[in-house]
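A quick write-up on the structure given underneath.
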Amino acid sequence: MTEGFGTGCHLHLIDGSAFIFRAFHALPPLTRKSDGLPIGAVAGFCNMIHKYVQDNRGPDAPTHVAVIFDKGSHTFRTDLYPDYKANRDEMPADLRPQIPLTREATRAFNIACIEKENYEADDIIATYARLAVEKGGRVTIVSSDKDLMQLVGNGVEMLDAMKNKRIGVEEVEAKFGVGPDRVVDVQALAGDSVDNVPGAPGIGIKTAAQLIQDYGDLETLLDRAEEIKQPKRRQTLIEHRAQIELSKKLVTLDAETPLDETLDDLEVKDPDAETLLGFLAQMEFRTLLKRVADALGAEPPALSETSPAAADPAAPETPAALPFDPEGYECVRHAAALEVWIGRAQGRGRVAVDTETTGLDEMRVDLVGISLSVEPGQACYIPLGHREGEGDLFGSAALAGGQMPMDEALALLKPLLEDPAVMKIGQNMKYDAKILARHGIAVAPIDDTMLMSYAMHAGLHGHSMDALSERYLGHAPIPIKSLLGSGKSQITFDKVPVAEAVKYAAEDADVTLRLAELFKPQLHRAKVTTVYETLERPLVPVLAEMEMHGIKVDRDTLSRMSNAFAQKMAALEAEIHDLAGESFNVGSPKQLGEILFDKMSLAGGKKGKTGAYATGADVLEDLAAEGHDLPARVLDWRQLSKLKSTYTDALQDHINPETGRVHTSYVITGAVTGRLASTDPNLQNIPVRSEEGRRIREAFVAEEGKVLLSLDYSQIELRILAHVAGIDALKEAFREGQDIHAMTASEMFDVPMAEMTPEIRRRAKAINFGVIYGISGFGLARNLRIPRSEAQGFIDRYFERFPGIRDYMDATVAFAKEHGYVQTLFGRRIHTPEIGAKGPQAGFARRAAINAPIQGTAADIIRRAMIRMPAAIEGLPAKMLLQVHDELIFEVEAGAAEDVADRARAVMERAGLPAVALDVPLVVDAGQGPNWAAAH
DNA sequence: TGATTCACG
DNA sequence: GACGTACGTGAATCAG
């Protein structure tokens with residue numbers, strides 16, 4: 001068949017995704033015996049492909065065949081309509097890791113495997129079908145998906161492989177009431193709840209078909225909509241014309257998809273027995289292996305009963321068992337050697353990557369070298385920027401010899417690091433991804449051992465590589481300090497001799513790879529695969545983007561405020577010294593305590609563990625309330641001191657000289673609950689509560705012509721509490737948009753809403769927050785500055801009115817005691833190892849356990865929103881810049897602010913779906929302005 | 001380096 | 001019955 005595709009040829013196009021989902025749902029959740037990898041869908045898929053091949057060998061056998069898959073969820077349809085397929089359930093956690101294996105399986109059967117980023121399988125199918133028909137061939141689409149039925153006719157038919165039933169023009173007419181050429185018109189009117197195509201409200205397939213039959217086609221129908229007799233129907237069509245036309249665009253397949261493979265590439269080929277049987281053996285499909293071997297007339301390879309190593313004799317027994325040996329590490333100095341490593345990584349489909357740099361600020365440091373590991377114990381280091389010698393005053397030292405030019409090495413590595421078929425494994429990949437992004441490399445896909453540990457072990461221990469290696473591999477890696485030294489004489493990594501760097505850097509890649517091999521299968525067993533794959537890993541590129549973009553901070557504004565603060569502080573300081581009758585360091589709690597409680601002998605002096613008087617704000621406030629001026633002045637001074645040192649001064653040092661912006665760094669594993677932490681600088685604690693402090697936000701500005709847009713969840717934690725504790729009264733109040741604190745107050749103190757006073761409301765508000773934190777009489781008493789007995793009375797009353805709260809608290813603590821962890825609505829686990837402790841820790845652990853599911857669920861929700869945000873605002877002139885726990889800040893071209901706000905709000909308010917539908921609405925408030933103070 | 005203080009949600 | 005206590009963070013500062 002060298003003439004290529006033409007008359008007499010018969011093309012089969014298999015809807016691969018449909019096969020996978022059918023296989024997944026039809027089979028029990030099988031796992032691979034040797035390592036627990038879920039494998040059921042792959043098994044079913046292979047069975048279906050094998051059966052398909054066997055069933056299609058006769059005289060009408062296809063000459064060309066391809067399996068077509070969906071790739072990614074972004075398509076031109078989501079651009080047209082961001083909600084397209086937004087109702088889809090997320091892919092089950094057990095299925096996700098099997099997706100790449102179905103591609104491998106297809107290739108193992110020697111069948112063309114087609115997928116294309118940003119295009120749905122259906123569009124690719126439409127395009128091949130058109131091409132085949134144009135060349136005079138016939139087409140069979142192996143699928144029963146109604147969305148493909150518009151392609152039937154003119155030499156194209158469908159085949160339902162399960163029922164072994166062909167679908168031709170007649171069958172399509174039976175289903176849609178119109179011919180294939182008008183199917184899209186009917187779909188546009190009827191909509192589709194599965195794909196979330198809106199259509200015309202109240203019109204189903206029956207009515208739609210009738211209308212199209214009557215008017216011929218959709219365009220005529222819409223143009224002549226006034227003629228429709230039924231008033232409701234007429235109005236619907238006129239009112240929703242735009243929506244119907246959009247729906248038609250969504251359901252119409254694009255037969256002009258750009259293709260990488262020609263029809264000729266799809267020619268049927270016999271499978272290579274060794275490859276196919278090898279794959280099936282690797283999957284450990286015993287029965288299928290034998291069946292396929294019989295069909296091929298080949299001998300099935302042996303499948304060992306016990307050891308997974310038998311399948312791959314080169315593989316070590318366990319990652320931990322192999323000793324660490326720096327002799328196994330290679331220094332790569334030439335392109336040829338690097339190409340060998342790249343080839344090995346490609347062959348293996350995964351590689352651990354680590355970058356070495358001159359510091360920790362990803363936006364400023366220089367790349368010094370890269371290490372790779374493809375098998376435990378085998379790693380290399382590619383030195384790129386090591387320097388030696390002194391260097392003169394104006395420049396850095398000369399590059400050391402024996403290093404590849406950085407450009408050359410990166411050009412070779414780029415295809416590997418961006419190869420969608422090769423998993424790049426890192427420890428804290430966000431760091432490496434940002435470094436590489438600055439060199440034009442978009443690393444993907446990624447796995448991250450730090451995030452795997454976080455998903456499995458949050459609350460148990462830290463997730464640094466050194467900690468993980470020691471704990472799980474029994475190996476303490478070379479400490480960085482041994483290379484760089486510490487303190488004043490500390491050097492940067494580029495000054496480390498290459499020979500030393502090889503041992504350190506290659507070991508890091510080696511450790512990372514071993515940790516990934518250990519952790520990956522454990523994720524399934526710990527039931528946190530979904531958490532890792534939907535809440536941790538996808539956040540990495542989103543945060544990297546936000547951090548690299550940064551937010552503009554106006555130095556002059558900060559500088560002016562700093563000067564003003566300094567003046568006020570000096571005045572206060574003089575006054576304080578005057579009141580004290582002597583000069584002392586106002587910033588020293590020790591000296592202040594001695595002045596207050598020894599020299600002035602004020603009452604209330606309490607010494608802490610260290611023997612120093614406590615001089616916290618609460619203590620000083622009490623003293624000030626008694627009429628003492630000195631503590632009042634100190635409070636003012638402290639506020640200014642804080643604002644000046646932490647904000648107006650320190651923030652200026654964080655302005656990147658190249659970008660003029662401040663680039664924070666989010667620590668994904670920073671808080672046990674799932675919240676992010678912001679560091680260097682912390683942009684999650686910029687003042688807002690005091691008037692004076694809030695003005696610091698005026699220094700956070702939008703670029704010329706743009707605005708800052710802030711969207712924040714209203715009362716998200718209380719809403720989650722209402723949901724998880726099942727408090728009907730609270731749910732009701734949220735549904736009706738009531739003032740929740742006032743409603744609580746009314747309920748507790750029997751005050752009608754109309755007669756609510758700010759003081760009563762304030763108390764209820766404190767109680768509401770107290771509940772989220774695991775309330776205690778003591779804590780509430782201190783917060784409200786009321787007697788403990790009175791506070792306890794409030795709490796008792798609260799529990800009486802909302803009995804579900806107590807049940808929730810008791811149930812949560814009992815769960816923690818039984819399991820050693822608590823979890824969020826999305827399955828995030830937070831370990832509570834102290835829950836069974838005796839003594840005061842028990843109280844802490846108890847309250848933390850009560851708070852964690854609430855705070856953690858809120859954290860999960862905003863994570864989900866952030867992960868979906870780039871797609872939702874794609875094409876709009878907007879960038880997501882910051883996250884402050886329940887708030888997202890964007891920088892937007894002024895004209896597009898409303899648009900972006902609408903899209904972003906929709907994403908945030910629906911962020912729990914489809915995994916979790918809360919019983920209460922999520923409400924998002926928005927604001928915009930030239931700076932953060934104005935936007936909030 | 002640890003304790004204290006205070007900024008945020 | 002006493003014991004201490006609101007939940008989660010990061011940064012600056014003092015003192016040893």
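Bear in mind the structure is a predicted one, so any value in this text is a computation, not a measurement.
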What distance, rounded to whole Å, do you find between the two [atom1] atoms, one in [N] and one in [M]?
{"N": "C:dC3", "M": "B:dT5", "atom1": "P", "answer": "23 Å"}
{"N": "B:dT4", "M": "C:dG4", "atom1": "P", "answer": "15 Å"}
{"N": "B:dA3", "M": "C:dT5", "atom1": "P", "answer": "14 Å"}

Between atom [atom1] in [X] and atom [atom2] in [N], what is the gap in whole Å?
{"X": "A:Phe700", "N": "B:dC8", "atom1": "CZ", "atom2": "C1'", "result": "12 Å"}
{"X": "A:Glu717", "N": "B:dC8", "atom1": "CD", "atom2": "C1'", "result": "13 Å"}
{"X": "A:Lys642", "N": "B:dA7", "atom1": "NZ", "atom2": "C1'", "result": "5 Å"}
{"X": "A:Leu592", "N": "B:dC6", "atom1": "CG", "atom2": "P", "result": "10 Å"}
{"X": "A:Asn851", "N": "B:dG9", "atom1": "CG", "atom2": "C1'", "result": "11 Å"}
{"X": "A:Asp712", "N": "B:dC8", "atom1": "CG", "atom2": "P", "result": "15 Å"}
{"X": "A:Lys644", "N": "B:dA7", "atom1": "NZ", "atom2": "P", "result": "16 Å"}

Tell me whether the guanidinium CZ or amine NZ of A:Arg847 lies under 6.0 angstrom from the six-membered ring centre of A:Phe844 and within 45° of its axis.
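The answer is yes; both the distance and angle limits are met.
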Residues forming a side chain to side chain donor-acceptor pair (under 3.5 Å) with [X], sequence neighbours excluded:
{"X": "A:Arg785", "value": "A:Glu621, A:Asp622"}
{"X": "A:Tyr808", "value": "none"}
{"X": "A:Tyr666", "value": "none"}
{"X": "A:Thr646", "value": "none"}

Can you see whether [X] engages [Y] through a side-chain donor-acceptor pair at a distance of less than 3.5 angstrom?
{"X": "A:Gln684", "Y": "A:Ser678", "result": "no"}
{"X": "A:His741", "Y": "A:Asn768", "result": "yes"}
{"X": "A:Glu887", "Y": "A:Ser710", "result": "yes"}
{"X": "A:Asp796", "Y": "A:Gln792", "result": "yes"}

How is [X] classified with respect to the nucleic acid when contacts are heavy atoms under 4.0 Å: base, sugar-phosphate, or nothing?
{"X": "A:Arg689", "answer": "base"}
{"X": "A:Ala766", "answer": "base"}
{"X": "A:Gln639", "answer": "sugar-phosphate"}
{"X": "A:Asn682", "answer": "sugar-phosphate"}
{"X": "A:Ile775", "answer": "base"}
{"X": "A:Phe844", "answer": "sugar-phosphate"}
{"X": "A:Ser588", "answer": "sugar-phosphate"}

Comparing nearest nucleotides in DNA chain C, the 5'-proximal residue of the pair A:Pro840, A:His885 is A:Pro840
Check the interface with nucleotides 2-4 of chain B: list each N/O to N/O pair with the protein under 3.5 Å, or write none.
unit_1	atom_1	unit_2	atom_2	d
B:dT4	OP1	A:Thr610	OG1	3.3

Can you list the stems that include DNA chain C, where a stem is three or more consecutive Watson-Crick or G-U pairs with distances under 3.5 Å?
B:1-9 with C:7-15
Would you mind checking if [Y] and [X] are paired as a salt bridge, meaning a charged N to carboxylate O distance below 4.0 Å?
{"X": "A:Glu582", "Y": "A:Lys599", "answer": "yes"}
{"X": "A:Glu790", "Y": "A:Arg763", "answer": "yes"}
{"X": "A:Glu698", "Y": "A:Arg560", "answer": "no"}
{"X": "A:Lys879", "Y": "A:Glu891", "answer": "no"}

Heavy atoms within less than 4.0 Å of DNA chain C: which residues of residues 793-810 of chain A have one? Give them sorted by number.
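None - not one residue of the stretch has a heavy atom sitting under 4.0 Å from the strand.
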Residues that A:Arg762 engages under salt bridge (Lys or Arg N to Asp or Glu O under 4.0 Å), provided they are two or more places apart
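Listed in chain order: A:Glu759.
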Looking at residues at least two apart in the chain, or sitting in another chain, which of them share a salt bridge (Lys or Arg N to Asp or Glu O under 4.0 Å) with A:Arg697?
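Expected list: none.
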Taking heavy atoms of chain A and a 4.0 Å limit, find me the 5'-most and 3'-most nucleotide of DNA chain C within that range.
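Both ends considered, the range comes out as C:dG4 to C:dG16.
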Positions of residues 920-936 of chain A (non-hydrogen atom under 4.0 Å from DNA chain B), listed by number
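Output list: empty, so none.
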A:Arg675 side chain N/O closer than 4.0 Å to the phosphate oxygens (OP1, OP2) of B:dG9?
no
Taking the inter-plane angle between the rings of A:Tyr454 and A:His463 on a 0 to 90° scale, is it parallel (under 30°), tilted (30 to 60°) or perpendicular (over 60°)?
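Because their plane-to-plane angle is over 60°, the rings of A:Tyr454 and A:His463 count as perpendicular.
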I need the full list of ring-ring contact (aromatic ring centres under 6.0 Å, His included) pairs touching residues 845-864 of chain A, with sequence neighbours left out, sorted by first then second residue.
none
